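All remarks here apply to the structure that follows.
Everything numeric here is computed off the predicted structure, so don't read it as measured data. Letters go in sequence order (proteins before strands), and every chain restarts at 1.
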Amino acid sequence: MEYRLERDRPFTLVGMNFFGNPFKAAAAWDVDNEIGSLWKRLTAYLEGHPVAALPPDVPAWFEAHVMHPASAATGDYEVFVGAETERPLDGPLELVVKALPARDYAVVAMRCAEMEPGWEERVAAEAVGRYGRAIESRWGLQRYDSRYSSLEDPDSIIEMWTPLAPGRPDGTAP
Amino acid sequence: MTDGDRRLASVGRALDLVEERLRDGLDVGAMASAACYSIFHFVRVFTELTGHGPYDYLMRRRVAEAARELVSGDRSILELALEYRFESPDGFSRAFRRCFGAAPSEARKAGAYAEGSARTPITRERVRASMEAGLTIRAERLPDVLVAGRPLAPGEAAGPGAELMLLRPGSDPFAGRATHGPADYPLLSARAPGGDYIGVYGDPPLDLGLARDRLYRTAIPVGSARPRAPLELARLDGGGRPTALLVPVAFDGSPVAAGRGAGAMSLKPVGVVRSPYEARGDAPRQGWLSSAESVIEVYEAFEEALVGVADAKRLVALYWGDRADRSVLKSPTPFSAEPRGVFTSRSPNRPNPVALCVVDVISVAGRRITVRGLDALDGSPVIDLKSYIEEPIRPSGSVLQ
């Protein structure tokens, strides 16, 4: 795993979203969970509909998990998948725009082979240990670029972007 | 401590909190805090380890405890509903029916409920056993299964070579190998009906008690399914050890008939109706009696099937009457003093509420077809669209109108 700190990074993304418990179907009986279905819905749409809001060769795709006020009551939350855009107003009706406020992010690049159960806890612990900062738990991001091919490929690389609570200008805890 | 131990300890604290606070205000945020996880991470881990979403588990536990008190005590349904944090008796009644298939008043009158499906507390030991057994759940559709073999004596294990074991209440287990076709029919055989099954898979030998708990108290209720035959099918490895336990099910809320051939009766909506009729009383008795316009939105997956629809002046639209009463077999009609059987009437209430309308096509925009003459309620699933033929189409010479 490789760690780095991305400073003061805002995001404006265009894509599609889903609200609920995305692991319900997978846990019940299906190999596909709702996040997989969401990606399929987005890629199927983009295959048939060029989107002016996205560059011709998207450099990276993002998956955001966002808490809403209802999340504390029911555990349901928003999953958004899409890519960065500089022209959010050019998105078609079928796509939505997600703006995330600027934050420092603890970024961890990991191979799919390293994604055994418990990796999320280790990433969170590493982030706190390295940067001395609390995690901002209202959202989280995963970044997929040319280093990623599929979850079945052990050498595919995924980046986990974990927002950190505001800190000092040098990136350390206040 | 391994990663698995840490996850188990975290989820275990949340499970304890549920039992402590069934009657108090408790939400998923508090459960996640007890587990020391963010909410989205907690939802993921809890669902993976228990098979339930955390909110679903909390609701089912509250309903199960209320049900136990309901049949064993004399407290009012309202009192129990409020004690277990339901905001109204109606909300409690809906949750109760979803869990047990009956109203609370019916359970009280009968002095019993479907206890086997009640969600008893999930313990740390149960979660650990599931993790160690590598349990996974999946649904599958099977053809008719004919097993050639023999009944097992009490306590006898299936021997090497057996592929399947049928388990039925009141009968000895029947183990053997699967056969295909009449030519293979053996003298001694047992049959499991084809159709939808939900199965629990695990490392051999699968603990059947653990598998049943996961099936009947988690996978089947969470999947809005119900067993459709009193039998279980165990898959065996080469040494006669179980690797999976499957139960034939019907999924609630889907237009799938139970019984033989059920697998072939599966329908999938091809679109949805957007109409001005929101409630049953709003819709005209026949679509052609109204000039109101509706929109048929065809789903993206069926876009290719719309080629040529822009040239059509009329279409035959078949939709599913999802709010119809499926228990009705006789219905009053404007044309007779006596109620008629629904097979000789056009009542929307019928065992299989398939509705048919000939509609005028007003305009087509992408996958949205604006039509006149459709009597469907807003949100009705569309089953099919067909071209309308102007000529008589029936041997009797009558015209489809």
Exercise. Among B:V200, B:V43, B:V45, B:T50, which residue forms the greatest number of heavy-atom pairs with chain A at distances under 4.5 Å?
Worked result: B:V43
Exercise. What part of B:Y37 lies closer than 4.5 angstrom to a heavy atom of chain A: side chain, backbone, both or neither?
Worked result: side chain
Exercise. Between the side chains of B:R141 and B:Y197, is a donor N or O closer than 3.5 angstrom to an acceptor N or O?
Worked result: no
Problem set entry | Expected output: side-chain A:S149 to main-chain A:S156 donor-acceptor under 3.5 Å | no
For this session: Might you work through the salt bridge (Lys or Arg N to Asp or Glu O under 4.0 Å) test for A:R147 and A:E2, ending with a clear yes or no?
Result: CA-CA 14 Å; A:R147 296 171 294 171; A:E2 295 174 10; 5.5 Å; no
Problem set entry | Side chain / backbone / both / neither for B:R44 at chain A, heavy atoms under 4.5 Å | both
Exercise. Just wondering, do A:L95 and A:M16 contact through their side chains at under 4.5 Å, heavy atoms?
Worked result: yes
